[in-house]
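Structure first, then comments.
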Amino acid sequence: MQTVSDEDRPRLAPHVRLTFDPARERHVLLAPEAVSVLNGTGATVLGLCDGQRTVAEIVAELNGRYDGVVDDDVRFFLARLAARRCVEVGDG
């Protein structure tokens, strides 16, 4: 699995879209032939993945919104999505 570092600047892959599904009343990640239903924290993480913020900046923002954010959990979440080609990571 691809690793994600604090300096990486994650962004959604061009073929992926983050949207709110009113039928499910949840945010979903839409990819060709796949729909992933997200919890609130996952949707927040992906909403911050704009290709400008680093993973460290995303974790800092999450720490301002939630208690007990574990940076390793954020990196693992992004690495899993990068392995599925839903998120692109890189240092610029």
Side-chain angles (χ1 to χ4, degrees):
M1 182 176 348
Q2 181 173 357
T3 60
V4 176
S5 73
D6 284 340
E7 296 80 30
D8 286 333
R9 297 177 186 276
R11 65 198 162 280
L12 293 179
H15 63 278
V16 174
R17 191 167 48 116
L18 175 64
T19 189
F20 185 79
D21 181 350
R24 291 182 175 95
E25 297 183 354
R26 303 285 291 267
H27 280 90
V28 294
L29 195 61
L30 302 175
E33 300 183 25
V35 175
S36 299
V37 180
L38 302 169
N39 65 20
T41 308
T44 301
V45 170
L46 291 176
L48 295 170
C49 291
D50 58 7
Q52 302 299 310
R53 292 179 181 92
T54 64
V55 172
E57 291 169 333
I58 291 170
V59 169
E61 176 71 24
L62 292 169
N63 274 311
R65 297 182 189 190
Y66 304 103
D67 291 331
V69 175
V70 179
D71 56 344
D72 285 340
D73 290 347
V74 175
R75 283 194 298 274
F76 183 70
F77 176 68
L78 293 172
R80 283 190 356 227
L81 289 172
R84 292 176 42 204
R85 295 189 176 113
C86 291
V87 170
E88 297 175 346
V89 294
D91 58 8

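Basis for what follows: all heavy atoms, side chains included, without hydrogens, waters or symmetry-related copies.
Remark: E57 engages no residue in a salt bridge (Lys or Arg N to Asp or Glu O under 4.0 Å) (not counting sequence neighbours). Residues satisfying the side-chain contact (heavy atoms from CB on, under 4.5 Å) criterion with A13, sequence neighbours excluded, are H15, V16, E88. Qualifying salt bridge (Lys or Arg N to Asp or Glu O under 4.0 Å) partners for R75, counting only residues two or more places apart in sequence or in other chains: D6, D71, D72. Shown here are the side chain to side chain donor-acceptor pair (under 3.5 Å) partners of R17, two or more places apart in sequence or in another chain: there are none. Legend: residues meeting side chain to side chain donor-acceptor pair (under 3.5 Å) with N63, ordered by chain and number and at least two apart, are absent. When the side-chain contact (heavy atoms from CB on, under 4.5 Å) test is applied to D73, the partners found at least two apart in sequence or on another chain are V70. Not a single salt bridge (Lys or Arg N to Asp or Glu O under 4.0 Å) links R85 to another residue, sequence neighbours left out.
Pairs engaging residues 35-44 under the salt bridge (charged side-chain N to carboxylate O under 4.0 Å, His left out) rule: none recorded [sequence neighbours left out]. Within the structure, side-chain hydrogen bond (donor to acceptor under 3.5 Å, both in side chains) pairs that include any residue of residues 31-45 comprise S36-R84, T44-Y66 (at least two apart or interchain). Residue pairs meeting the salt bridge (charged side-chain N to carboxylate O under 4.0 Å, His left out) criterion with at least one member in residues 39-48: none, sequence neighbours excluded. Counting only residues at least two apart or on different chains, the ring-ring contact (aromatic ring centres under 6.0 Å, His included) pairs with a member in residues 23-61 are F20-H27.
Other members of the hydrophobic cluster containing V35, listed by chain and number, are V28, L30, V37; membership follows side-chain contacts under 4.5 Å among ILVMFWY residues, whether direct or relayed.
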